[in-house]
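Notes to accompany the following structure.
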There are 2 protein chains.
Amino acid sequence: MSEDDRAVARERIIESMEQSAEVYGLSRSAGRIYGVLYFSDEPLSIPELVDETGYAKSTISNVTRTLTRIGLIHRRSSAGGGRRVQYTAEREIWFILQDVFQQYVQREIQTTLRTIQRAQAQLPDESETEGERIEELRDTYEDLQEIVTLASNFTAAELRDALESYDR
Amino acid sequence: MSEDDRAVARERIIESMEQSAEVYGLSRSAGRIYGVLYFSDEPLSIPELVDETGYAKSTISNVTRTLTRIGLIHRRSSAGGGRRVQYTAEREIWFILQDVFQQYVQREIQTTLRTIQRAQAQLPDESETEGERIEELRDTYEDLQEIVTLASNFTAAELRDALESYDR
DNA sequence: CTGTTTGTTCGGTTCACTCCGAACAACCGA
DNA sequence: TCGGTTGTTCGGAGTGAACCGAACAAACAG
């Protein structure tokens, strides 16, 4: 009974992770695979993940690669046994979010900013409406870049503290 | 020539907005429609947006609705003239990001947190591994919720200042 | 060397999403 | 009342992504 309850609770949270994965632009399978690894006591191999999740081997292979690249899970090659690679979940969610920020948000901001700067360079300084709009955009994106750069170097606790203790 | 250059610069930035839209989970058409409105001096009606973007009327109708719901553009019913509804872009990007955070990120965090709490309530306090994992998750999400709540009440300048002046 | 286990790659299917065109509803001016 | 304009809704075509199964490559055990 308590065993069942625990399984139900675990399943609910994994379903929630599936949904979160979709919000962050990943597939549902990615959420489930991460969830199973999150609750697993030991590292799991691909065949074990197939058993636990019900997905096809090829799906597990593809998804684990992208999850590894993003940094949500870690890959260990266990040289010893028959099984060759094993996966563990990164449990420090703050690290994951930092990575997402660094890799996606910051990158997105940077390319946009570069486009704006290039467009601005081509327009000589006749301050038409167009020019002002672009100027506005540039200022905003420079602010954003600064904020994200700073924030991504903080720990969660530091960030929270910085915000809580700030007196306007 | 300068006219052409300006058009080219504008087009580049709008293309960049199309790409950003995809990153944020919107369609390319949403990015273009927002971009055209961003650079327009006056509010535009749906037929005018059809001319400017080349999209079908129905597409404009659907996309403007979702953009309005999200808060990226504003809808004005100009009671006077023949045209009935007109749209303007929200140019304060920080407002947009705040809304996104409030509506999506915070909501996502809250539902996850609620799921975790409910799961935790069902498990009595036998501190098994499962229980510890869930406890861990809960702490993290409570931190996240606090951070997002605080951050979404700051202006961009305040946030930047808070981060820059924080001394660890 | 042969059989088994593991992991990757490739082609195909299914499904959701985007966008379009057509039909419809609401409203205005003659 | 009747055309003209505007906006919404609906069904369908095209497209991309998720996932699967099969084929293939690599490594180990016997």
Side-chain angles (χ1 to χ4, degrees), chain A residues 14-15 17-37 42-70 72-88 104, chain B residues 14-15 17-37 42-70 72-88 104:
Chain A
I14 291 182
E15 279 167 11
M17 287 175 172
E18 285 179 336
Q19 207 176 336
S20 302
E22 279 187 323
V23 173
Y24 298 139
L26 297 171
S27 57
R28 292 185 74 78
S29 55
R32 174 155 297 268
I33 290 171
Y34 175 80
V36 166
L37 286 173
E42 312 138 6
L44 297 182
S45 65
I46 289 189
E48 287 165 338
L49 282 171
V50 169
D51 286 347
E52 296 280 336
T53 64
Y55 284 111
K57 202 173 44 159
S58 54
T59 303
I60 304 285
S61 175
N62 287 319
V63 173
T64 48
R65 184 178 37 193
T66 73
L67 286 179
T68 303
R69 183 162 44 80
I70 299 178
L72 270 144
I73 65 178
H74 301 292
R75 183 193 181 114
R76 282 188 201 159
S77 31
S78 65
R83 296 161 185 146
R84 287 187 284 183
V85 301
Q86 294 186 312
Y87 295 95
T88 58
Y104 288 80
Chain B
I14 291 182
E15 277 166 12
M17 286 175 173
E18 283 178 336
Q19 206 177 338
S20 301
E22 277 187 324
V23 173
Y24 296 138
L26 297 171
S27 57
R28 292 186 74 77
S29 55
R32 174 154 297 268
I33 290 171
Y34 175 80
V36 166
L37 286 174
E42 312 139 6
L44 297 181
S45 65
I46 289 189
E48 287 165 339
L49 282 171
V50 169
D51 286 348
E52 296 280 336
T53 63
Y55 283 112
K57 203 173 45 159
S58 55
T59 303
I60 303 286
S61 175
N62 287 319
V63 174
T64 48
R65 184 177 38 194
T66 72
L67 286 179
T68 303
R69 183 162 43 82
I70 299 177
L72 270 145
I73 65 178
H74 301 293
R75 183 193 182 116
R76 282 187 202 159
S77 29
S78 65
R83 295 162 185 145
R84 287 186 285 185
V85 301
Q86 293 186 315
Y87 295 95
T88 59
Y104 289 81

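Side chains are part of it too, since the values below use all heavy atoms of this structure and drop only hydrogens, waters and symmetry mates. A note on names: the letters A, B, ... follow the listed sequences, proteins ahead of strands, and every chain is numbered from 1.
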Heavy atoms from C-beta onward define the side chain here; which of D:dA23, C:dT18, D:dT6 lies closest to that of B:P47?
D:dT6
In whole angstroms, the gap separating P of C:dT5 from CD of A:E48 amounts to 14 Å
Just how far, in rounded Å, is P of D:dC28 from CZ of A:R84?
7 Å
Among D:dA18, D:dC20, D:dT8, which nucleotide sits nearest the side chain of B:I46?
D:dT8
Any A:S61 side-chain nitrogen or oxygen under 4.0 Å from OP1 or OP2 of C:dG7:
no
So, does B:R28 get its side chain near the phosphate of C:dC19, meaning an N or O under 4.0 Å from OP1 or OP2?
no
Quick one: A:Y55 OH to D:dA18 P, roughly how many Å, whole number?
11 Å
Protein-nucleotide distance (B:N62, atom CG; C:dT18, atom C1'), rounded to Å
10 Å
List the steps, then state whether side-chain contact (heavy atoms from CB on, under 4.5 Å) holds for A:T64 with A:R75.
CA-CA 9 Å; A:T64 48; A:R75 183 193 181 114; 5.9 Å; no
Atom-to-atom span, CD of B:E22 to P of D:dG16 - whole angstrom:
11 Å
May I ask you to test the A:L49-A:Y55 pair for a side-chain heavy-atom distance under 4.5 Å?
no
Rounded to the nearest angstrom, tell me the gap between atom CG in B:L49 and atom C1' in D:dG7.
12 Å
Is there a donor-acceptor pair closer than 3.5 Å between any side-chain N or O of B:S61 and the backbone N or O of B:K57?
no
A:T59 side-chain N/O to D:dA18 phosphate OP1/OP2 under 4.0 Å
no
For a quick test of reading the model: is some side-chain N or O of B:R65 closer than 4.0 Å to OP1 or OP2 of D:dG7?
no
Between P on D:dG7 and CD1 on B:I33, what's the gap in Å once rounded to a whole number?
13 Å
Is there a side-chain contact between B:L37 and B:L72 in this structure, where contact means two heavy atoms from C-beta onward sitting under 4.5 Å apart?
no
What distance do A:E48 atom CD and A:Q86 atom CD have between them, rounded to the nearest 0.5 Å?
6.5 Å
Quick check for you: among C:dT8, D:dT6, C:dG21, whose closest atom lies nearest to any side-chain atom of A:K57?
C:dT8
Can you tell me which nucleotide in D:dG7, C:dC10, C:dG7 comes closest to the side chain of A:R75?
C:dG7
Give a yes/no on whether any side-chain N or O of A:S58 is located under 4.0 angstrom from OP1 or OP2 of D:dC20.
no
Between CG of B:L67 and P of D:dT8 the distance, given in whole Å, is 13 Å
